[in-house]
A.B. asks: 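Take this structure, written in structure tokens, and hold onto it; I'll ask about it next.
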Amino acid sequence: MRYLGLDLGSKTIGLALSDKTGLIATSYGILRHDNDPLSCLKELKEVIAKEKVEGLVLGFPKNMNNTIGPRGEATLDFKKHLEEELSLPVYLEDERLTTKQAEDVLLLGDVSRKKRKKVIDGIAATIILQNYLDKRRK
């Protein structure tokens, strides 16, 4: 089963794609939006069709104390719209600290600040998706 990982941000959606066996996640890029992630639905549909995606994994931002704040509520609303528009299962994956992990990976790779800003959401989506895939295997 092929999955598309999504890291929903305030201005971008990071994308990651699993291999056909559902074992390995790879960064796929980002989609830009102006505070309206639903404006990316057409592009998402194109990626899903092109890559034959069968399920979505959406990063779920919880607070460190496990409560759901405004970003979490917005993510749940986005999940509902995705399920209605795409007719695909959408799985939530805890995304706490994934952006920090992504930044650490990019810093280790000595990626400049300017380049990090362009790719960090795609890397975070990859971490979210890989975490989900690893849990599924256990």
A.B. asks: Measuring from atom CG of N35 to atom NZ of K11, what distance do you get when rounded to the nearest 0.5 angstrom?
C.D. replies: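 One finds 8.0 Å between CG of N35 and NZ of K11.
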
A.B. asks: For the CG atom of L17 and the NZ atom of K52, what is their distance to the nearest 0.5 Å?
C.D. replies: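 Reported value, rounded in 0.5 Å steps: 11.5 Å.
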
A.B. asks: So if you build clusters from Ile, Leu, Val, Met, Phe, Trp, Tyr with side-chain heavy-atom gaps below 4.5 Å, do F60 and L86 land together?
C.D. replies: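 Yes; L86 is reachable from F60 via cluster members.
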
A.B. asks: Once you round to the nearest 0.5 Å, how far does CD1 of I128 lie from CG of N131?
C.D. replies: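 Between I128 CD1 and N131 CG, I get 8.0 Å after rounding to 0.5 Å.
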
A.B. asks: Quick one: pull up CG in L58 and CG in L4 and give me the separation to the nearest 0.5 Å.
C.D. replies: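 Rounded to the nearest 0.5 Å, the CG-CG separation comes out at 10.0 Å.
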
A.B. asks: So, do L133 and V57 sit near enough that their side-chain heavy atoms are less than 4.5 Å apart?
C.D. replies: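 With C-beta onward as the side chain, the pair stays apart.
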
A.B. asks: Which atom names give the shortest non-hydrogen contact between L8 and P37, and what distance separates them?
C.D. replies: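 Result for this residue pair: CD1-CB, 3.5 Å.
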
A.B. asks: Please find the pair of heavy atoms, one from E54 and one from L88, that lie closest to each other, and give the distance.
C.D. replies: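 That would be O-CD2, 3.6 Å.
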
A.B. asks: Ignoring hydrogens, what is the shortest heavy-atom contact between R2 and E51? Give both atom names and the distance.
C.D. replies: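 Smallest interatomic distance, heavy atoms only, reads CD-O, 3.1 Å.
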
A.B. asks: How long is the gap from CG on L56 to CD on E83, to the nearest 0.5 Å?
C.D. replies: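 Atom-to-atom, L56:CG and E83:CD are 9.0 Å apart.
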
A.B. asks: Can you find a heavy atom in the side chain of D7 that is under 4.5 Å from one in the side chain of T126?
C.D. replies: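 Not in contact.
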
A.B. asks: Heavy atoms only: give me the nearest A125-G5 pair and the separation to one decimal.
C.D. replies: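 Looks like CB-O, 4.0 Å.
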
A.B. asks: State, yes or no, whether a side-chain contact exists between L82 and K79 at a heavy-atom distance under 4.5 Å.
C.D. replies: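 With C-beta onward as the side chain, the pair stays apart.
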
A.B. asks: Report yes if some heavy atom in the side chain of S18 is under 4.5 Å from a heavy atom in the side chain of L23; otherwise report no.
C.D. replies: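 Side chain of S18 against side chain of L23, heavy atoms only: no contact under 4.5 Å found.
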
A.B. asks: Looking at every non-hydrogen atom in both residues, tell me the closest pair between M1 and P89 and how far apart they are.
C.D. replies: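 Minimum heavy-atom contact is CE-CG, 4.5 Å.
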
A.B. asks: Once rounded to the nearest 0.5 Å, what's the spacing between atom CG of L6 and atom CG of L15?
C.D. replies: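 Atom-to-atom, L6:CG and L15:CG are 6.0 Å apart.
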
A.B. asks: How about E85 and K45: do any of their side-chain heavy atoms sit closer than 4.5 Å?
C.D. replies: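 The answer is yes, as the side chains (C-beta and beyond) meet within the 4.5 Å cut-off.
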
A.B. asks: Does some side-chain heavy atom of I13 sit less than 4.5 Å from a side-chain heavy atom of F78?
C.D. replies: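 Heavy-atom side-chain distance check passes, below 4.5 Å.
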
A.B. asks: Set out, in order, the CA-CA distance, both residues' side-chain angles and the distance that settles side-chain hydrogen bond (donor to acceptor under 3.5 Å, both in side chains) for Y91 and R136, then state yes or no.
C.D. replies: CA-CA 11 Å; Y91 307 99; R136 272 190 62 248; over 6 Å; no

A.B. asks: With clusters defined by side-chain heavy atoms of hydrophobic residues (ILVMFWY) lying less than 4.5 Å apart, directly or transitively, does L38 cluster with L31?
C.D. replies: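 Yes, L31 and L38 fall within the same hydrophobic cluster.
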
A.B. asks: Flag the pair T75 / P61 as yes when at least one side-chain heavy-atom distance between them is below 4.5 Å, and no otherwise.
C.D. replies: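 Answer yes - side chains close enough.
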
A.B. asks: In this structure, are over 12 heavy atoms from other groups packed under 6.0 Å from N66 atom CG?
C.D. replies: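 Counting neighbours around CG of N66, more than 12 heavy atoms of other residues, nucleotides or ligands fall under 6.0 Å, so yes.
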
A.B. asks: For H33 and G9, work out which heavy atoms get closest and say how close.
C.D. replies: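 Residues H33 and G9, closest heavy atoms: NE2-O, 3.1 Å.
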
A.B. asks: Please tell me if the side chains of H81 and D77 come closer than 4.5 Å, counting only heavy atoms from C-beta onward.
C.D. replies: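 H81 reaches D77 side chain to side chain.
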
